[in-house]
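Keep in mind it's a predicted model, so treat the numbers as computed, not measured. Every chain is numbered from 1 and lettered A, B, ... according to where its sequence line falls, protein lines coming before strand lines.
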Protein chains: 2
Amino acid sequence: MSTGGDLISLGAITLGGTSVGDSSVGDISLGARPPRADAVRNREVLLEAAHRLVAQRGADALTMAQVADEGGVGKGTVYRRFGSREGLMAALLDHSEARWQAAVISGPPPLGPGAPPLDRLLAFGASRLERNLASADLIVAAGSDQRRPLGALRFVAAHVRQLLLALEIGGDTNLLTSALLAPLEASVVSIQVSDQGVDPAQILAGWTDLVRRVVRTD
Amino acid sequence: MSTGGDLISLGAITLGGTSVGDSSVGDISLGARPPRADAVRNREVLLEAAHRLVAQRGADALTMAQVADEGGVGKGTVYRRFGSREGLMAALLDHSEARWQAAVISGPPPLGPGAPPLDRLLAFGASRLERNLASADLIVAAGSDQRRPLGALRFVAAHVRQLLLALEIGGDTNLLTSALLAPLEASVVSIQVSDQGVDPAQILAGWTDLVRRVVRTD
DNA sequence: TTCGCAAACGGACCCTGGTCCGCTTGTATT
DNA sequence: AATACAAGCGGACCAGGGTCCGTTTGCGAA
């Protein structure tokens with residue numbers, strides 16, 4: 001897996017918070033002294049190790065001791081770097097999240113810019129649902145870790161809100177945004193799919209219907 | 001706390017599943033021999049102990065060993081009765097859930113029967129949101145335990161679907177129901193309120209707006 | 001180059017959820 | 001009342017998350 005800088009860490013729209021563990025490598029360290037080389041190295045190594053292990057055995061099976069061993073460091077180091085298991089999961093998500101955000105910001109339409117708002121919104125729903133389902137275990141394992149909800153969720157909300165505004169709907173777009181986002185949340189859809197045996201296509205159909213009803217200005 | 005039979009365990013719409021731990025006392029034991037007296041007694045005692053501890057220190061702080069001690073039994077017994085921590089939480093929820101369901105089924109309007117469908121739906125949202133927020137920690141702690149999502153969630157879904165049908169909306173009411181329920185889920189709203197500082201009233205306003213848009217048949 | 005020290009390291013240690021299994025007890029039957 | 005046995009019981013035990021603290025190390029300053 002190339003850990004290269006193929007795209008700027010968009011996930012780092014985390015408003016440089018007070019979150020545990022360090023932030024991404026490419027972060028704008030404002031005033032504070034730069035992180036030590038060994039810390040950066042270990043972070044990389046551990047992320048890669050964790051990624052490998054998750055790919056092999058799934059997120060649920062991942063243990064912190066495993067990650068430490070695989071990375072050739074002590075368990076304490078893993079915790080210093082990521083704060084907690086949730087923090088580690090969140091860090092793992094950051095990669096793919098950044099990729100996805102890039103697709104929304106500058107990818108081809110209808111997901112990316114260029115298509116009419118409604119088309120973009122529907123494409124967004126499909127794409128987000130797919131992603132949330134694909135990384136459901138990771139997302140759920142990341143729980144309500146500091147950085148994820150306030151980073152990724154913020155971006156997603158801003159995007160949807162933008163589209164709703166463009167559609168010139170009345171009402172409070174902020175509130176409506178949350179309401180539209182909820183049915184796509186990993187915690188919600190993973191239950192529907194795993195425990196209730198609902199077909200993901202059905203969920204999307206339901207969401208699409210919902211959106212169509214909400215935005216119609218007949 | 002009166003453990004009396006003031007209302008029939010509605011939470012037991014759990015379709016008498018294969019879930020771990022036993023089901024509520026009032027269950028229709030079909031064919032199988034009845035539970036032993038000590039088992040029933042311990043279940044009662046432990047529920048009460050757990051309830052007390054949760055009230056005192058909150059759901060998150062609850063440990064299984066505590067419950068066992070407080071109930072004067074071994075830890076193994078707690079696990080036999082409830083299967084897991086999640087199972088215990090789910091059992092705790094059952095009480096209040098049953099109460100709530102009763103209010104929906106036979107309470108005063110507009111939540112209960114008698115009011116026009118739209119009014120009932122909006123009242124439902126307000127009430128459900130309130131309940132989900134009030135027991136958010138318990139609900140989240142109960143996770144995706146067998147009985148909760150397929151018991152409570154099923155009831156709630158059926159109710160909303162009923163109302164939507166009465167409103168004579170087009171489209172697949174099943175899908176729409178899920179989409180309308182998602183924004184009220186504890187996992188969603190508790191993040192909004194705790195981590196994002198959103199006012200519950202705002203959430204309700206957003207949901208109300210959503211519903212109004214969905215059901216309008218202009 | 002040497003020095004000082006904040007930062008990083010690592011693994012022993014603690015806590016809690018969950019399992020196991022030998023012992024006890026309720027209950028149906030005779 | 002005696003018997004048999006399924007069900008229940010309890011606590012020792014294990015695994016994994018998370019903390020602590022004495023030791024090591026990178027790195028800027030002298």
Query raised in the report: Nearest nucleotide by nearest heavy atom, which residue falls closer to the 5' end of DNA chain D, A/A37 or B/N42?
Result: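 Nearer the 5' end of the strand: B/N42.
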Report task. For B/G76 and for B/A65, locate the closest nucleotide of DNA chain C by heavy-atom distance; then report the residue assigned to the nucleotide nearer the 5' terminus. Result ->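 The residue whose closest nucleotide sits nearer the 5' end is B/A65.
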When the distance from [atom1] of [X] to [atom2] of [N] is rounded to whole Å, what number comes out?
X: B/D60; N: C/dG17; atom1: CG; atom2: P; answer: 11 Å
X: B/L46; N: D/dC9; atom1: CG; atom2: C1'; answer: 12 Å
X: B/D38; N: C/dT24; atom1: CG; atom2: C1'; answer: 10 Å
X: B/R81; N: D/dG10; atom1: CZ; atom2: C1'; answer: 13 Å
X: B/M64; N: D/dC13; atom1: CE; atom2: P; answer: 21 Å
X: B/R85; N: D/dG16; atom1: CZ; atom2: C1'; answer: 15 Å
X: A/Y79; N: C/dA8; atom1: OH; atom2: C1'; answer: 17 Å
X: A/E86; N: D/dG16; atom1: CD; atom2: P; answer: 18 Å

Query raised in the report: Regarding A/R131 and A/S96, is there a side-chain donor-to-acceptor distance under 3.5 Å anywhere?
Result: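 Looking only at side-chain atoms, A/S96 and A/R131 do form a donor-acceptor pair, the distance falling under 3.5 Å.
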Query raised in the report: Does B/E48 come within less than 4.0 Å of B/R41, counting only side-chain N to carboxylate O?
Result: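 Salt bridge flag = no for B/R41 with B/E48.
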Query raised in the report: Ion pair present between A/R128 and A/E97, side-chain N to carboxylate O less than 4.0 angstrom?
Result: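 Salt bridge between A/R128 and A/E97, a charged N being under 4.0 Å from a carboxylate O: yes.
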Report task. From the options D/dG18, D/dG8, D/dA12, select the nucleotide whose nearest atom is closest to the side chain of B/K75. Result ->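 Of D/dG18, D/dG8, D/dA12, D/dA12 is nearest to the side chain of B/K75.
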Requested in this report: Measure up the B/F155 and B/W100 rings against each other and bin them: parallel (under 30°), tilted (30 to 60°), perpendicular (over 60°).
Outcome: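 Plane angle over 60°, so perpendicular.
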[X] side-chain N/O to [N] phosphate OP1/OP2 under 4.0 Å:
X: A/R41; N: C/dA8; result: no
X: A/T77; N: C/dG10; result: yes
X: B/R80; N: C/dT19; result: no

Requested in this report: Check if the side chain of B/R36 and the base of D/dA7 share a donor-acceptor pair of N or O atoms closer than 3.5 Å.
Outcome: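 Donor-acceptor pair under 3.5 Å: yes.
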Query raised in the report: Across the strands shown, which category fits A/L62 at heavy-atom distances under 4.0 angstrom: base, sugar-phosphate, nothing?
Result: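 The residue A/L62 makes sugar-phosphate contact but no base contact.
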Requested in this report: Indicate the atoms forming the closest heavy-atom contact of A/L204 with A/G125, along with that distance.
Outcome: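 Minimum heavy-atom separation between A/L204 and A/G125: CD1-C, 4.1 Å.
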